[in-house]
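Below you'll find the structure, written out as structure tokens, and then a few comments.
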Amino acid sequence: MKKIILTLLLGGLMMTGAFAKTAVVYFSATGTTEKMAKSLATEMKIDIFEIQPVHKYTSADLNWNDKKSLTSIECNDPKCRPAIANKIDISGYDTVILCYPIWWAYAPKIMYTFVESQKWDGKKIVTLCTSGGSGLGRSGSDLAKFAKGSDFKGGKDFTRSSGADIKKYVEGLLK
């Protein structure tokens, strides 16, 4: 009888998502997005992974006023996919929270490199960004298009928010 009750209890917990594994995967060129992602991971007590570019972005690369800066060139090339230096395995996660800065109203192209390198079947995706003024825009739904088989739950700009605020938002999306 105890085995039956335990089995039913565990089954119920699994169905409610109590055992769902969630991870934060972030890219940050200046540290702003990193702070947000780490705050969220700490608040939710979940795993966190950093996308590390092969080419570390310099302040000259990030100069949005220079049409010849690396990020300007990347943002204007829809096929651009900057290389990632590290391997991130999301196969053991049910939900992945993608965190990134907004560059020229879009997610950085390295986020597309990451999304296209993963298997997303059955996984939930939440997108969170930091922005100097553009906001999330369509960046989350654009990334989700490349995450074939995923369930895009939504996203938001959290440039000036606490980990607790972000946790509340994410948990609301995942109910």
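One-based numbering along the sequence shown.
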Roughly how far, to the nearest 0.5 Å, is the [atom2] atom of [Y] from the [atom1] atom of [X]?
X     : Y      : atom1 : atom2 : value
Ile84 : Met111 : CD1   : CE    : 8.5 Å
Cys99 : Met36  : SG    : CE    : 4.0 Å
Thr32 : Phe158 : OG1   : CZ    : 16.0 Å
Ile90 : Gln118 : CD1   : CD    : 4.0 Å

N/O donor to acceptor pairs below 3.5 angstrom from side-chain atoms of residues 73-82, sequence neighbours left out:
unit_1	atom_1	unit_2	atom_2	d
Glu74	OE1	Tyr57	OH	2.9
Glu74	OE2	Tyr57	OH	3.0
Asn76	ND2	Ser72	O	2.9
Asp77	OD1	Lys79	N	3.0
Arg81	NE	Glu116	OE1	3.0
Arg81	NE	Glu116	OE2	3.4
Arg81	NH1	Pro78	O	2.9
Arg81	NH2	Glu116	OE2	3.2

Nearest heavy-atom pair of [X] and [Y]: which atoms, and what distance?
X      : Y      : answer
Val126 : Lys153 : CG2-CB, 4.0 Å
Tyr100 : Gly140 : OH-N, 3.4 Å
Gly135 : Cys129 : C-SG, 4.0 Å
Leu62  : Trp104 : O-CH2, 4.4 Å
Val24  : Ala37  : CG1-CB, 3.8 Å
Asp157 : Ser131 : OD2-CB, 3.4 Å

Heavy-atom distance under 4.5 Å between the side chains of [X] and [Y], does that happen here?
X      : Y      : answer
Trp64  : Ser69  : no
Leu40  : Leu128 : yes
Tyr26  : Lys38  : yes
Pro108 : Thr71  : no

**Message:** Could you check whether Trp103 and Phe27 have their ring centres less than 6.0 Å apart?
**Reply:**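 For Phe27 and Trp103, the ring centres are under 6.0 Å apart.
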
**Message:** Could you work out, with side chain to side chain donor-acceptor pair (under 3.5 Å) as the rule, every residue matching Thr130, not counting sequence neighbours?
**Reply:** Thr33

Please table the atom pairs, donor to acceptor, closer than 3.5 Å between any side-chain atom in residues 167-175 and protein atoms at least two apart or in another chain.
unit_1	atom_1	unit_2	atom_2	d
Tyr169	OH	Gly155	N	3.4
Tyr169	OH	Gly155	O	3.0

**Prompt:** Are Val25 and Ile102 co-members of a hydrophobic cluster defined by side-chain heavy atoms under 4.5 Å apart?
**Reply:** yes

N/O donor to acceptor pairs below 3.5 angstrom from side-chain atoms of residues 44-55, sequence neighbours left out:
unit_1	atom_1	unit_2	atom_2	d
Asp47	OD2	Tyr93	OH	2.4
His55	NE2	Asp61	OD2	2.8

**Asked** Would you say Asp94's side chain and Lys123's backbone share a donor-acceptor pair under 3.5 angstrom?
**Response** no

**Item:** Check: Val115 main-chain N/O paired with Trp120 side-chain donor or acceptor under 3.5 Å
**Value:**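 Yes; at least one donor-acceptor contact below 3.5 Å.
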
**Message:** The criterion is side-chain contact (heavy atoms from CB on, under 4.5 Å); which residues satisfy it with Asp142, sequence neighbours excluded?
**Reply:** Tyr106, Tyr112, Arg138, Lys145

**Prompt:** What residues form a side-chain contact (heavy atoms from CB on, under 4.5 Å) with Ser162, not counting sequence neighbours?
**Reply:**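 Counting only residues at least two positions away or on another chain, Ser162 forms a side-chain contact (heavy atoms from CB on, under 4.5 Å) with Ala164, Asp165.
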
**Residues, nucleotides or ligands: over 12 heavy atoms within 6.0 Å of Lys56 NZ** = yes

**Request:** Verify side-chain contact (heavy atoms from CB on, under 4.5 Å) between Leu143 and Phe152, making sure each step is shown before the conclusion.
**Result:** CA-CA 9 Å; Leu143 280 172; Phe152 177 57; over 6 Å; no

